[in-house]
Amino acid sequence: MRITFLPEYNKISNNKSFGSTSRYYKTKNNVEIGTNTWFFREDLDWNYFAAYSIAHFKEKEKVNVIQLACSDGSEAYTTILSFINNKNEDFSKFFPIQAFDIDNEVIKAAKSGYINIKQRDYARLSANSVYIPKYFKPAAAKLVIPNDGADILFYNNPQFYTKPKTYKVCDELTNKVNFNRADMFNVLRNIKDDSNTIVFCRNVFAYLPAEKTKEFVEILSKQLKKNSLFVSGSLDSENTLLDYYLSNNGFKKIMNNVYEKTV
């Protein structure tokens, strides 16, 4: 696949931007979607979750890790780094992650093997014991993810906007994830679970109608067996009925934004 690197934007959407990707666009149905994401997003204790997953699935030979609405790969790489942080543990059975997004622009960016890192990303990576030069090498080119459907405004406050720098992601991370374009509902319907699956779908449902969230959870409940895990985000739990739908469909909350299928 040919990856195009364009001149770096010096503007952003009128949504605050704290991380590696800040793409906002409208679907063909005129639904506004945001793919604002960043490394080690604070609504999940990543390192504890990795340690818990290693213990939880210790009897399984293989664990299927599926990330829906994966954006530019920031959360896939966060997941991998969290497992790496659990030293002396065998985590190979969790990889490669199968990561999907319906947005072609962010999937092209993720597949390129490059990623944008902003100042706050550096701080979060360092705070989570990641030695940045080991995993991310500065790139001469600039990776730009178009912001098609958003009003673009200048931000003078550096708290809200700092220009990203583009990095090449090391093979140790890229070899542990496969990125593909797909509708998350189609992926969900084709999950083959043997009580050995982790499904991530984080900070997405606030953009969807309530009936689509309910439909998602009902399909998820049908596809996952007992002991498999689902991981969401605080944007979902604080702004939608996701928790309610999960509790009514056989899921128990076991830590912040993490749910276990119990039936």
Side-chain angles (χ1 to χ4, degrees), residues 1-9 12-13 17 19-28 33-41 46 63-84 92 94-118 121 125 130 132-150 163-188 190-191 198-204 207 231 233:
M1 179 179 67
R2 184 170 179 268
I3 300 299
T4 302
F5 290 90
L6 303 174
E8 182 181 24
Y9 284 124
I12 61 169
S13 110
S17 173
S20 58
T21 299
S22 303
R23 172 167 159 76
Y24 293 85
Y25 64 97
K26 290 184 179 181
T27 68
K28 62 182 180 181
I33 300 292
T35 61
N36 189 17
T37 190
W38 52 87
F39 287 95
F40 286 94
R41 199 161 175 162
W46 291 92
V63 180
N64 304 312
V65 181
I66 300 167
Q67 288 195 326
L68 306 175
C70 67
S71 191
D72 69 344
S74 295
E75 288 201 340
Y77 297 136
T78 296
T79 304
I80 297 164
L81 289 165
S82 300
F83 278 90
I84 291 173
S92 59
F94 290 87
F95 304 118
I97 293 171
Q98 303 302 323
F100 304 91
D101 201 293
I102 199 169
D103 180 15
N104 193 50
E105 293 298 338
V106 294
I107 283 297
K108 284 200 305 184
K111 282 189 169 187
S112 75
Y114 291 84
I115 197 163
N116 289 331
I117 300 180
K118 293 184 180 179
D121 290 305
L125 286 162
V130 176
I132 296 171
K134 179 178 179 180
Y135 298 103
F136 305 97
K137 305 296 183 183
K142 297 293 183 182
L143 173 63
V144 171
I145 304 176
N147 221 341
D148 304 337
K163 286 186 178 181
K165 292 183 179 179
T166 300
Y167 287 77
K168 180 72 174 70
V169 186
C170 75
D171 292 346
E172 186 175 355
L173 300 185
T174 58
N175 289 343
K176 291 181 173 63
V177 55
N178 296 322
F179 294 104
N180 285 287
R181 184 174 182 268
D183 182 294
M184 65 183 189
F185 284 89
N186 293 336
V187 176
L188 201 63
N190 286 287
I191 289 176
I198 304 172
V199 176
F200 288 80
C201 191
R202 293 173 30 77
N203 301 303
V204 172
Y207 296 105
V231 187

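Because only heavy atoms are used, hydrogens play no part in the values below, and waters and symmetry mates are left out as well, while side chains stay in.
- Contact between Gly73 and Ile115 at its shortest, heavy atoms only, is C-CD1, 4.3 Å.
- A distance of 7.0 Å separates CG of Asp72 from CZ of Phe39, quoted to the nearest 0.5 Å.
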Exercise for the section: Decide side-chain contact (heavy atoms from CB on, under 4.5 Å) for Phe40 and Val130; before the verdict, give the C-alpha distance in whole Å, the side-chain angles of both, and the deciding distance to 0.1 Å. Expected result: CA-CA 11 Å; Phe40 286 94; Val130 176; 3.9 Å; yes
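- In this structure, Phe100 and Asn186 have side chains that are not in contact, with every pair of non-hydrogen atoms separated by 4.5 Å or more.
- Pairing each heavy atom of Ala139 with each of Tyr114, the nearest pair is CB-CE2, 3.6 Å.
- Arg181 places no side-chain N or O within 3.5 Å of a backbone atom of Asp101 that could act as its donor or acceptor partner.
- Here NZ of Lys137 is found 8.0 Å from SG of Cys170. Values are rounded to the nearest 0.5 Å.
- How far NZ of Lys165 is from NZ of Lys142: 7.5 Å, rounded to the nearest 0.5 Å.
- The two residues Asp183 and Phe185 come nearest to each other via the heavy atoms OD1-N, 2.7 Å.
- Considering only heavy atoms from C-beta on, Val169 comes within 4.5 Å of Phe136 through its side chain.
- Separating the CD1 atom in Ile117 from the OH atom in Tyr135 is a distance of 13.0 Å, to the nearest 0.5 Å.
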Practice task
Please test Phe95 against Phe83 for ring pair (Phe, Tyr, Trp, His ring centres under 6.0 Å), starting from the C-alpha separation and ending with a verdict.
Solution key: CA-CA 10 Å; Phe95 304 118; Phe83 278 90; 5.6 Å; yes
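- Take Thr79 and apply the side-chain hydrogen bond (donor to acceptor under 3.5 Å, both in side chains) test, not counting sequence neighbours, and it matches Gln67.
- The main-chain N or O of Glu75 is never found under 3.5 Å from a side-chain atom of Trp46 such that the two would form a donor-acceptor pair.
- Between Asn116 and Asp121, the closest side-chain pair of non-hydrogen atoms is not below 4.5 Å.
- In this structure, Leu68 and Val204 have side chains that are not in contact, with every pair of non-hydrogen atoms separated by 4.5 Å or more.
- Between the NZ atom of Lys111 and the OG1 atom of Thr174 there is a distance of 13.5 Å, given to the nearest 0.5 Å.
- Under the 4.5 Å side-chain criterion, counting only non-hydrogen atoms from C-beta, Cys70 is in contact with Ile107.
- Using a 4.5 Å cut-off on side-chain heavy atoms (C-beta onward), Val231 and Arg202 make contact.
- Looking at heavy atoms from C-beta onward, Gln98 lies in side-chain contact with Asn178 at the 4.5 angstrom threshold.
- A side-chain donor-acceptor contact under 3.5 Å links Thr166 to the backbone of Leu143.
- Residues Leu81 and Leu125 are in side-chain contact: their nearest non-hydrogen atoms beyond the backbone lie under 4.5 Å apart.
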